[in-house]
Amino acid sequence: MDVEYKGKDTIIHNLKDFDLGQTMECGQCFHFQKIDDDEYGMSAYGKFLHAAQKDDKLYLFDTTKEEFEKIWCHYFDLDRDYGEIKSFLLKEDEKLREAVEKMWGVRILNQEFFETLISFIISQNKQIPHIKQIVARISHDYGKYQGSVGGIDFYGFPTPQQLSQADIDALRECKTGFRAPYIYNAVEFVNNEIIKEENLRKCGVDECREQLMKIKGVGMKVANCVSLFGLGYREAFPVDVWIKRIMQSLYFDGKEHSNAEIESYGVEHFGKYGGYAQQYLFYYGKSEKIGLKNKTN
DNA sequence: TTCCAGGCCCGGG
DNA sequence: CCCGGGCATGGA
């Protein structure tokens, strides 16, 4: 990977194991819009980014060297060697190969803790396009305007302080439905420092999940997603309906197993890179509709 | 119209 | 521990 700073743009050359479209669309993140093929607008860490990929070059428009080094390099997980991750996962596991090869360019984004927490509380019983709508609405109503591309305005996800301006009714106005009190509860936990990001990052994934699950509306799955996507715990293995179907199909001979059984299998089998395996499997299984009764594609 | 979505809470076996 | 019902909202 070589970085070039050209005019107002940052261009990354010789990218390996990176595909912008796959990384944005694989279901880990909800605060972005597709502008065109391989071209996206997104928001993270208080900044708006207009990015596009052509072959092994990634263009970050209007991005300074400082911003790339401080934010986007880490955000896209570019400082990590995915070749090593893939060979670790594929060693002694041929069942994962097809998923990794098809979804070869997925990177696990390092997202902000608070946004990830609220986003995955919203995600329960919702489809990804709906989640994106709600995240955009909350950002529009409570966050700060950041920029615009392709006629779409981008607003930063509100800070815990900004979102504390919203009461439960106001959160319902954002179409969060029965999740409104959950979000309210989570904002209180953060603002009152009942949970602290710094501590969650240090305490280990088990303790981390336990603390997150004290928030009403946060169960095992959401806690695992927040640990993986928002707190850097790459060993976390979230089990949702898709992972359940895919794992049963690939590793359990199609037989029914509980979420807890599937998670402990994933944790044991994939170890420190469980989160990567999970994301390859999730995206692959969902796009191929693996384990679904009527495959309509 | 009916069904279901990157689940979770709650009550009852 | 392991069910099942209920839950807001919107798209298929």
Side-chain angles (χ1 to χ4, degrees), chain A residues 22-32 99 103 106 108-109 111 115-138 141 166-186 189 209-231 233-234 236-250 255-264 266-267 274-297:
Chain A
Q22 288 183 356
T23 298
M24 300 318 291
E25 306 282 0
C26 72
Q28 60 180 321
C29 133
F30 310 104
H31 204 158
F32 69 92
M103 304 312 175
V106 168
I108 301 241
L109 299 171
Q111 302 181 61
E115 173 167 350
T116 309
L117 173 61
I118 303 301
S119 297
F120 277 93
I121 289 174
I122 293 166
S123 78
Q124 62 185 261
N125 237 70
K126 279 228 161 288
Q127 299 185 118
I128 291 170
H130 300 159
I131 305 166
K132 286 177 66 182
Q133 282 176 23
I134 296 171
V135 168
R137 173 69 186 268
I138 289 177
D141 286 7
D167 60 18
I168 294 181
D169 282 336
L171 291 167
R172 284 214 179 86
E173 288 292 303
C174 299
K175 309 298 180 190
T176 53
F178 64 84
R179 306 158 194 80
Y182 300 164
I183 296 168
Y184 188 84
N185 185 221
F189 265 60
R209 272 188 310 235
E210 206 170 301
Q211 286 198 37
L212 288 172
M213 281 164 45
K214 288 194 225 155
I215 301 168
K216 186 177 282 202
V218 177
M220 198 54 151
K221 191 271 174 181
V222 170
N224 268 320
C225 283
V226 176
S227 300
L228 171 59
F229 301 126
L231 292 165
Y233 287 107
R234 296 301 208 246
F237 192 84
V239 178
D240 70 327
V241 288
W242 283 104
I243 285 294
K244 182 178 162 76
R245 286 196 280 256
I246 297 151
M247 291 290 286
Q248 282 173 179
S249 165
L250 284 183
K255 292 198 187 75
E256 180 68 25
H257 285 263
S258 73
N259 287 19
E261 285 176 305
I262 290 169
E263 183 183 342
S264 57
V267 166
Y276 298 100
Q278 192 270 2
Q279 200 56 31
Y280 288 124
L281 285 169
F282 173 81
Y283 191 26
Y284 169 71
K286 202 159 110 71
S287 60
E288 305 280 320
K289 302 183 189 308
I290 290 179
L292 270 188
K293 301 277 189 229
N294 27 348
K295 301 187 182 184
T296 49
N297 60 329

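Chain letters run A, B, ... following the sequence lines, proteins first and then strands; every chain starts at 1. These numbers come from the heavy atoms of this one structure, side chains and all, not from hydrogens, waters or symmetry mates.
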Residues within residues 240-248 of chain A bordering DNA chain B, heavy-atom distance below 4.0 Å: A:D240, A:V241, A:W242
Using the closest heavy atom to pick a nucleotide of DNA chain B for each, name whichever of A:P238 or A:M213 lands nearer the 5' end. A:P238
Below 4.0 Å from chain A heavy atoms, what is the first contacting nucleotide of DNA chain B and what is the last? B:dA5 to B:dC10
Of the residues in residues 275-286 of chain A, which ones touch DNA chain B at a heavy-atom distance under 4.0 Å? A:Q278, A:Q279, A:F282
Could you go through residues 219-231 of chain A and list every donor-acceptor pair under 3.5 Å that involves a side-chain atom there, pairing it with any protein atom two or more places apart or in another chain?
residue : atom : partner : partner atom : Å
A:N224  : OD1  : A:R209  : NH1          : 2.9
A:N224  : ND2  : A:M220  : O            : 3.3
A:N224  : ND2  : A:E263  : OE2          : 3.3
A:S227  : OG   : A:A223  : O            : 2.8

Qualifying residues under side chain to side chain contact (heavy atoms under 4.5 Å, CB included), relative to A:R245, sequence neighbours excluded: A:V241, A:W242, A:L292
Residues which pass side chain to side chain contact (heavy atoms under 4.5 Å, CB included) with A:N185, listed by chain and number, not counting sequence neighbours: A:E188, A:F189, A:I215, A:K216
To the nearest 0.5 Å, atom NE2 of A:H31 lies from atom CD of A:Q111 at 10.5 Å
Are A:I243 and A:N259 side-chain neighbours, meaning at least one heavy-atom pair lies under 4.5 Å? no
Who passes salt bridge (Lys or Arg N to Asp or Glu O under 4.0 Å) against A:R179, sequence neighbours left out? none
When the C1' atoms of B:dG6 and C:dC3 are considered, how many whole Å apart are they? 22 Å
According to side-chain hydrogen bond (donor to acceptor under 3.5 Å, both in side chains), who are the partners of A:Y284, at least two apart in sequence or on a separate chain? A:E98
Quick one: salt bridge (Lys or Arg N to Asp or Glu O under 4.0 Å) partners of A:D240, sequence neighbours excluded? none
Hey, what are the protein-to-nucleotides 8-12 of chain C N/O distances that come in under 3.5 Å?
residue : atom : partner : partner atom : Å
C:dA8   : O4'  : A:F178  : N            : 3.2
C:dA8   : N6   : A:N125  : ND2          : 3.4
C:dT9   : O2   : A:K126  : NZ           : 2.8

Only counting residues at least two apart or in another chain, list the ones meeting salt bridge (Lys or Arg N to Asp or Glu O under 4.0 Å) with A:K132. none
Side chain to side chain contact (heavy atoms under 4.5 Å, CB included) involving A:A260 - partner list, sequence neighbours excluded: A:S258
